[in-house]
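Worksheet for the structure shown next.
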Amino acid sequence: MDRSLLAGPTLAAARALLGARLVRDPHDSLPRRIGRIVEVEAYIGEDDRASHARFGRTARNAVMFGPPGIAYVYLVYGMYDCLNIVTEPEGSPAAVLVRAVEPLEGIDAMRSAREALVRDRRRRPVPASSSPARSVRDLRLASGPGLVAAAFGITRSDTGRDLCDAGSSLRLEAPPRDENRATIRATARIGVDYAGPPWTTRPWRFLVAGHPSVSGPARLR
DNA sequence: GCAAGGATATCG
DNA sequence: GATATCCTTGCA
C-alpha cells in the first residue's frame, strides 16, 4: 500500500484503509493469512482526548509521533492487543485502529491463533469441510480489534514494523483494481466514553455499510 | 450484565 | 511504590 495514502489527513487515511488487505506471510508452518479491512477508527492529535497521544509523547505511544505506515500495537484491558497504523507526517501524532477484517485466506490458521488466546469453551464440532460457503462464524473471526490481532498473531512486539514495505512479512496491500468500492458509513467511536464530549461523538469510526464482519451490534453496522 | 487481566499514567 | 483506569471479549 502506498505510504502517501497514509501521510495525509487521518480521516482520509482511514477511509483509504477500508478495503485494503492485511497480509501476513507464511511462517512456522502456518499458511499465509489475508484479511480485508472493513472497520477502522481515527485517533488524531494530542487534542483528541480519546487518543493515546493525549498525554504527549511517552514510551508507549512514541511511534505515533513518527512517520506514517508504521504499526503501533498496544495491550488493552490486560488481555488484547490492538493494531493501529500510524498516519500523518512525522511529528504529528495520529493513527488508525483496525477494528475488523473479513477473513479471506488462511481462515483455519486465524481460528487456531484466536483460540490459542481466547479459550473456546464450546466444543462445537467443526462442520464438514465440503461446504463451499463460509459460515457466519468464519466471517466474524476477526470482528473486533482484539480479534484482529489475535487472528493474525500480532502482538506489541510488532510495534515499529513498516506495513507499507512490500517486502515486509506483515503488510498492507491495496485492494484489487476491479473491486467494487463499498459504501462507507461513519459513526461515533467505540469504547471512548472516558474522553468526554466532543470526542465521544466525533464520527471517526468508518465501516463498510452492512458488512457481516464489522464488530458490534447489527444496528451499528 | 459483568468479571477477567496486566500495562500505563498519575499521584502520594 | 500504590492505584484507578483502560481504543475488549465471552460468558452468565
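Chain naming here is simple, since letters A, B, ... match the order of the sequence lines and numbering starts at 1 in each.
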If the cut-off is 4.0 Å, is [X] near the phosphate of [N], judged by side-chain N/O to OP1 or OP2?
X     : N     : answer
A/T58 : B/dT8 : no
A/R99 : C/dT8 : yes
A/Y77 : C/dT8 : yes
A/H52 : B/dT8 : no
A/R54 : C/dT5 : no

Whole-Å distance separating the [atom1] atom of [X] from the [atom2] atom of [N]:
X      : N      : atom1 : atom2 : value
A/N84  : C/dC6  : CG    : C1'   : 14 Å
A/N61  : B/dA9  : CG    : P     : 7 Å
A/D81  : C/dC6  : CG    : P     : 19 Å
A/F55  : B/dC11 : CZ    : P     : 9 Å
A/R57  : B/dA9  : CZ    : C1'   : 17 Å
A/F206 : C/dC7  : CZ    : P     : 19 Å
A/R111 : C/dG10 : CZ    : P     : 13 Å
A/D193 : C/dA4  : CG    : P     : 21 Å

Rounded to the nearest 0.5 Å, what separation is found between the CZ atom of A/R21 and the CD atom of A/E179?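 Going from CZ on A/R21 over to CD on A/E179, the span is 4.0 Å.
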Of the options C/dT9, B/dG5, B/dT8, whose atoms approach the side-chain atoms of A/R60 most closely?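 Per side-chain heavy atoms of A/R60, the pick is B/dT8.
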A/L75 side chain: which of C/dC7, B/dA7, B/dT10 is closest?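 Nearest to the side-chain atoms of A/L75, counting from C-beta on, is B/dA7.
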Would you say the side chains of A/T159 and A/R60 form a donor-acceptor pair under 3.5 Å?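 Distance-only check fails for A/T159 and A/R60.
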Are A/H52 and A/Y74 an aromatic pair, judged by ring center distance below 6.0 Å?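 Ring centres of A/H52 and A/Y74 closer than 6.0 Å.
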5' precedence on DNA chain B between A/M79 and A/R156 (nearest-nucleotide basis):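 Nearest-nucleotide comparison on DNA chain B picks A/M79.
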Complementary nucleotide for C/dC7 - Watson-Crick or wobble, under 3.5 Å: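 C/dC7 is unpaired by these criteria.
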Under 3.5 Å, is there an N or O donor on one side and an acceptor on the other linking the side chain of A/Y74 and the base of C/dC7?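 Donor-acceptor pair under 3.5 Å: yes.
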Would you please determine if the base of C/dC7 is stacked by A/Y43, with stacking meaning a centroid separation under 5.5 angstrom and planes under 30 degrees?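 Yes, A/Y43 stacks on the base of C/dC7, since the ring centres sit under 5.5 Å apart and the planes are within 30°.
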Can you list the steps and then say if A/R32 with A/H27 is a side chain to side chain donor-acceptor pair (under 3.5 Å)? CA-CA 8 Å; A/R32 174 172 287 112; A/H27 69 107; over 6 Å; no
Would you check if the side chain of A/T10 reaches a backbone N or O of A/A42 as a donor-acceptor pair within less than 3.5 Å?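 A pair under 3.5 Å: no.
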Take A/G78 and A/P145, find for each the nucleotide of DNA chain C with the closest heavy atom, and name the residue whose nucleotide sits nearer the 5' end.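 The residue whose closest nucleotide sits nearer the 5' end is A/G78.
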